[in-house]
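Since the structure is predicted, the reported quantities are computational estimates derived from the model, not experimental observations. As the structure lists them, so they are numbered: ligands from 1, and atoms in each ligand from 1.
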Amino acid sequence: MSRFSKALIALLIVLGLAYYWLLVNAGPAGIAPRQIDLAALRAEAERMPGEKPSGIAFATLATRRVPSAALAAGTGLRQITTGIIAWQIATPKGGIVVDSGLTAADAEALGYSAYDAGAMRVVDGWMDGAAQIVFTHAHIDHVGRFLDHPRFDAIASKALITPGMLGGINALWRENGSHITSTRNLAPIEAIAPGVVVMQTPGHTPASQMIYVRLASGREYILTGDTASVAANFENGTPRSRLVADILAPEDRPAVIGWVKGLKALRQRYPALVMLPSHDADWLAVNAAKLGLRGPVRQGAKPAN
Ligand SMILES: [Zn+2]
């Protein structure tokens, strides 16, 4: 074998190992699923008396094509469309916004295109009218537009920000972030409205949360935030790739693996419970209508309440 052939084979082995490690490996192995207690979430959702939400709407503010394996290790190089999504839980008192989207400039900086300024104005209106604004975590694609909202001072006091989240917000160096003076500690699971419960799920960030919703109709949802960015995370119990989770956007990988395994176990036990991944535009396009979701909401569409 020529020296060139040996070098070529060595290079291919290195590339193969790098591919496996960075985009396929879903380990470390042996991490136990984190228990997600649906009975406790249901009980907490009933604790606050009053009318439960009537539905959930979402808006897709920008999209981007990425290899599937980037967001769900081992799922291959097929390109999927991911989106920046904002959610509105329709409550009798103005609604609860979950995650705010971000500005056009921030979307572009993150490699997103097809920015929908009209949809962003709709979400701005959701925040104007909302009773509460909550976040799955304090990354720019989830809190950015809240911090850059054109009427920030009028909406700021409606945001439920935990002390752990404030560190993430401050790291974004937004002028308005420094105007946030009050934070609120939440219990591991805590109702914030009838039928709406925030669950602490540290891992993707130290202050990551999921939102459990039980509608007046009885239908149940969990907004998973970036613990499950795409449906494959909770379908397979698979985290993001190491390329993303260890290098590009570091997180507590063992914790996230525990949570996605916990979500997988939960949906096997309760198939009617709907999990909503934070960035899976392809999955939402296929499933939104049959899951009772309204959206993607665009400018000019009828408001939810
Ligand atoms: Zn995100």
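His204 and His137 have perpendicular rings, their planes meeting at more than 60° on a 0 to 90° scale where under 30° would count as parallel. In this structure, His142 and His279 have perpendicular ring planes: the angle between them is above 60°, well past the 30° mark.
Sorted by chain and number, the protein atoms of type N, O or S within less than 2.8 Å of the Zn ion (ligand 1) are Asp141 OD2, His142 NE2, Asp226 OD2, His279 NE2.
A salt bridge does not link Lys158 with Asp128: none of the charged nitrogens is closer than 4.0 Å to a carboxylate oxygen.
Under the side-chain contact (heavy atoms from CB on, under 4.5 Å) test applied with Val197, the options Leu186, Leu41, Ile211 reduce to a single match, Leu41.
A donor-acceptor contact closer than 3.5 angstrom is absent between the side chains of Thr227 and Thr224.
Counting side-chain heavy-atom gaps under 4.5 Å among Ile, Leu, Val, Met, Phe, Trp and Tyr, the cluster of Ile257 also holds Ile31.
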